[in-house]
Amino acid sequence: MLTLDDVYAFEPIPADLRGDPAARHILGAQCGVWTELIDNGRHVDYMTFPRLAAFAETVWSPAKRDLADFSARLAVHLRRLEAVGVEYRREEGPLPWQTRPGVSGRPEDPVEWQAQLAAWTSNLRGLA
């Protein structure tokens, strides 16, 4: 599971391209939600929000970002999501109907998980 802080720390420009003129060819980013294991819309909300807000901030903002400022603005945005019925993942944890029996909240070791993500996406690096 990627936490909100993990997503906010994402840097869309690979480290080896920062400062390189080739970085100007990076025109955008995408944030996919793979729903083959998500069985209903309520769970899609839970899996997507508020991480989608953190992702949007990372790809639309300069590299120097302020997590505290984002968190303050996110608090206002979460009230908007709630008002329109989005069942987002609360910071204090899932609501009772958002839990899945037998599935712990963060089963992977963060370092191992980052290595796995890097392996899965290694073929995407260097594409321009």
Side-chain angles (χ1 to χ4, degrees):
M1 178 180 99
L2 292 175
T3 67
L4 190 65
D5 290 357
D6 292 335
V7 175
Y8 193 79
F10 171 69
E11 179 50 55
I13 306 295
D16 53 340
L17 282 182
R18 289 183 207 138
D20 186 317
R24 68 183 166 80
H25 295 293
I26 297 174
L27 302 177
Q30 72 180 37
C31 183
V33 178
W34 296 27
T35 59
E36 63 272 8
L37 299 177
I38 301 176
D39 56 3
N40 61 59
R42 293 172 80 185
H43 196 203
V44 172
D45 284 356
Y46 175 80
M47 297 298 289
T48 306
F49 295 99
R51 291 184 285 197
L52 186 58
F55 181 80
E57 179 100 0
T58 66
V59 298
W60 288 102
S61 299
K64 186 173 180 152
R65 295 182 295 273
D66 184 343
L67 180 59
D69 181 58
F70 169 73
S71 296
R73 289 181 287 112
L74 181 63
V76 174
H77 186 59
L78 292 178
R79 291 195 298 270
R80 290 184 191 114
L81 291 176
E82 196 161 338
V84 297
V86 174
E87 294 195 27
Y88 63 90
R89 199 303 186 175
R90 268 74 174 159
E91 184 177 4
E92 60 275 6
L95 297 171
W97 59 87
Q98 294 171 326
T99 60
R100 298 180 85 80
V103 178
S104 59
R106 191 176 176 104
E108 299 90 0
D109 172 82
V111 173
E112 290 175 15
W113 179 241
Q114 290 299 323
Q116 182 64 55
L117 289 175
W120 286 343
T121 60
S122 63
N123 65 325
L124 301 174
R125 289 190 205 92
L127 297 176

Minimum heavy-atom distance between [X] and [Y], given as atom pair plus value:
X: S61; Y: E57; value: OG-O, 2.7 Å
X: D45; Y: G85; value: OD2-O, 3.9 Å
X: P50; Y: L78; value: CB-CD2, 3.7 Å
X: Y46; Y: R51; value: O-NH2, 4.4 Å
X: V7; Y: T58; value: O-CG2, 3.4 Å
X: P12; Y: I26; value: O-CD1, 4.4 Å

Practice problem: Check the pair R73 / H77 against side-chain contact (heavy atoms from CB on, under 4.5 Å), numbers first and verdict last. | Solution: CA-CA 6 Å; R73 289 181 287 112; H77 186 59; over 6 Å; no
Value rounded to 0.5 Å, distance of [atom1] in [X] from [atom2] in [Y]:
X: Q30; Y: F55; atom1: CD; atom2: CZ; answer: 8.0 Å
X: L81; Y: E87; atom1: CG; atom2: CD; answer: 11.5 Å
X: L74; Y: Y88; atom1: CG; atom2: OH; answer: 8.5 Å
X: D6; Y: L117; atom1: CG; atom2: CG; answer: 9.5 Å
X: E91; Y: L4; atom1: CD; atom2: CG; answer: 8.0 Å
X: W34; Y: M47; atom1: CH2; atom2: CE; answer: 13.0 Å

Would a single hydrophobic cluster contain both [Y] and [X], if residues Ile, Leu, Val, Met, Phe, Trp and Tyr are joined by side-chain heavy-atom contacts under 4.5 Å?
X: L27; Y: V59; value: no
X: L52; Y: I38; value: no
X: V86; Y: V76; value: no

Exam field: side chain [X] to backbone [Y], donor-acceptor pair closer than 3.5 Å:
X: Y8; Y: A53; result: no
X: R18; Y: D16; result: no
X: R90; Y: L95; result: no

Quiz item: Would one find more than 12 heavy atoms of other residues, nucleotides or ligands at under 6.0 Å from atom CH2 of W120?
Solution: yes
